[in-house]
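Read through the structure below, which is laid out as structure tokens, and then see the notes.
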Protein chains: 2
Amino acid sequence: MPGRIPKKLADSLNQQPLADFKVGVDNVIFSVDTAQNRLLVLLVMRQQEPFLNYWGLPGTLVRQGESLEDAAYRIMAEKIRVKNLYLEQLYTFGGPKRDPREATDSYGVRYLSVSYFALVRFEEAELIADKVAGIAWYPVKQVPQLAFDHNEILAYGHRRLRNKLEYSPVAFEVLPETFTLNDLYQLYTTVLGENFSDYSNFRARLLKLGFLCDTGIKVSRGAGRPATLYKFNADAFAPFKDKPLVFI
Amino acid sequence: MPGRIPKKLADSLNQQPLADFKVGVDNVIFSVDTAQNRLLVLLVMRQQEPFLNYWGLPGTLVRQGESLEDAAYRIMAEKIRVKNLYLEQLYTFGGPKRDPREATDSYGVRYLSVSYFALVRFEEAELIADKVAGIAWYPVKQVPQLAFDHNEILAYGHRRLRNKLEYSPVAFEVLPETFTLNDLYQLYTTVLGENFSDYSNFRARLLKLGFLCDTGIKVSRGAGRPATLYKFNADAFAPFKDKPLVFI
DNA sequence: ACAAAAGTGTTTGACGTACACCCATGT
DNA sequence: ACATGGGTGTACGTCAAACACTTTTGT
């Protein structure tokens, strides 16, 4: 573990000029294809150097007067049309040498990436085809080598997604207004893995918590008994806010 | 929730020039004064504008060729000498207008703050007195109004500290090599609050987990039965890595 | 001897786990 | 009728909460 720099060295560094940065925002956008039980991430084919023709996370550089979050939403809006989404900041990757552009104008401008994590509903997410249509949902298990350090960012986002799902009600942000308990269960299994919990126990736990209300409406999906549609009740959830709530 | 920007507007924004950034690193450095059962945060008195004579988090601007984490360690090293510490990135605050310096050269340079969270051992942390000695441990319950958005950053760090303590073995990074179970318990109570758990249950749970090994050595602290010194066994902890481990 | 600090044990109830089983619908 | 998906119930083990109790020291 570092943490100790001799005083003399520190003083000499005091004279070092400050770095100038361009700040980029990269989004890790997940969705769940419940029909095929696959967790997907949105990738774009890069159409300029560096990393021309590599897949990468949708990203952009931050403009004047634009907040980081605004930039994150801007990329979203350029690539995808959605009704519901969950978005939060992920991590900031900022070592020197992470962007090859720095090499050309050595020690001129640094490129820093603030990554954002998003979860959208697959069924209602409409991809916006670029001129060259280089945009696609990729199963996270099959992503190729990506531009920059984007594989690392994706891995980080994936970890966060699993945690979020276990400890917070993100799922309800990407489910439709009303949903069956099986919809919910499918979402959890595809993200967390097949054997995260027995269905009946999952069901019992969630219903006992009391923030899902029965709408009374039933839907039939092919054969089998029709399922009840439930609705997430944000008010009833309030007491659990910030408390370590476990869905697992 | 935003997320939809009309295509036309997005295109017009495409012409907006990129923002130029200076990147700062601000550290939220916590320590626990177990003697007085207080959670402390390290503050420095600002000696230049903006916010001259305000208390603020120790911070610095990132230099050429320096990584974010390097910068975080550099501030640490300038303010404090420690043997053990835990450090991790916290959050990146980057809206326009968060730094008054932006106003002077309007739409010139933006100031962005990547905050880091640190936990150090109070007893062995040696503050490095500046020329003007404007540096001090403040009880988190009594921090005054700080420079910039540092109160917000501190609040964020405090939340993270509580979570870290509950779900990960950070405590052992700031305890000495060997410690009594009461030392550990004190640390938890001062951070998490008086009634987070009964001592005997806390004790039983931790011992059953099996990653604390009895050194056989006993220490007497005033009256009362001497306590056994325990040691954290990182290898024995390995199986719990990444698993939702609850100390509460 | 007594207080103070460390450590042990026991009872209780809540809850996760793993099943077995019943219900309602389409074909 | 029976397969299919939806939903209920139960028996068992584990563990957190609360608290009573024993052990070992200093004064």
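Excluded from the calculations below are hydrogen atoms, water molecules and symmetry mates; all remaining heavy atoms, backbone and side chain alike, are included. Below, chains carry the letters A, B, ... as their sequence lines are ordered, and counting in each starts from 1.
Whole-Å rounding puts the A/F196 CZ to C/dG16 P distance at 13 Å. At whole-Å resolution of the value, CG in B/L184 and P in C/dA5 are 18 Å apart. If you measure from atom CZ of A/F202 to atom P of D/dG9, you get 19 Å, rounded to the nearest angstrom. Computed from coordinates, the B/L209 CG to D/dT14 C1' distance equals 13 Å when rounded to whole Å. Across the protein-nucleic acid pair, A/K208 atom NZ and D/dG9 atom P stand 13 Å apart, rounded to whole Å. Going from atom OH of B/Y185 over to atom C1' of C/dA6 covers 13 Å, rounded to whole Å. What separates CG of B/L207 from C1' of C/dA6 is a distance of 12 Å, to the nearest Å. When rounded to the nearest whole Å, the span between CG of A/L206 and P of C/dG16 equals 10 Å.
For CD of A/E124, the number of neighbouring non-hydrogen atoms (other residues, nucleotides, ligands) closer than 6.0 Å is greater than 12. At most 12 heavy atoms of other shown residues, nucleotides or ligands fall within 6.0 angstrom of atom OH in B/Y54.
Between the side chains of B/S113 and B/D26, at least one donor N or O lies within less than 3.5 Å of an accepting N or O. With hydrogens and angles left out, the side-chain atoms of A/T180 and A/N182 include no donor and acceptor closer than 3.5 Å. A/T228 and A/K218 share a side-chain donor-acceptor pair at under 3.5 Å.
In this structure, A/F117 has its ring center at least 6.0 angstrom away from the ring center of A/Y156. Aromatic rings from A/F179 and A/F172 are positioned such that their centres are separated by under 6.0 Å. Taking the six-membered ring for Trp, B/Y185 and B/F196 have ring centres closer than 6.0 Å.
With D/dG7, D/dA17, C/dG7 as the choices, the nucleotide that has an atom nearest any side-chain atom of B/R203 turns out to be C/dG7.
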Within the sub-3.5 Å range, which N or O atoms of nucleotides 9-11 of chain C have a protein N or O partner, and how far apart are they?
residue: C/dG9; atom: O6; partner: B/S200; partner atom: OG; Å: 3.1

Between N or O atoms, less than 3.5 Å apart, protein on one side and nucleotides 23-27 of chain D on the other: list the pairs.
residue: D/dT23; atom: O2; partner: B/R225; partner atom: NH1; Å: 2.9
residue: D/dT24; atom: O2; partner: B/R225; partner atom: N; Å: 3.2
residue: D/dT25; atom: O2; partner: B/G224; partner atom: N; Å: 3.2

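Side-chain N/O atoms of B/Y199 include one lying less than 4.0 angstrom from OP1 or OP2 on C/dG7. A close approach under 4.0 Å does occur between a side-chain nitrogen or oxygen of A/T228 and OP1 or OP2 of D/dG7.
A salt bridge links A/E78 to A/R74: at least one charged side-chain nitrogen sits closer than 4.0 Å to a carboxylate oxygen.
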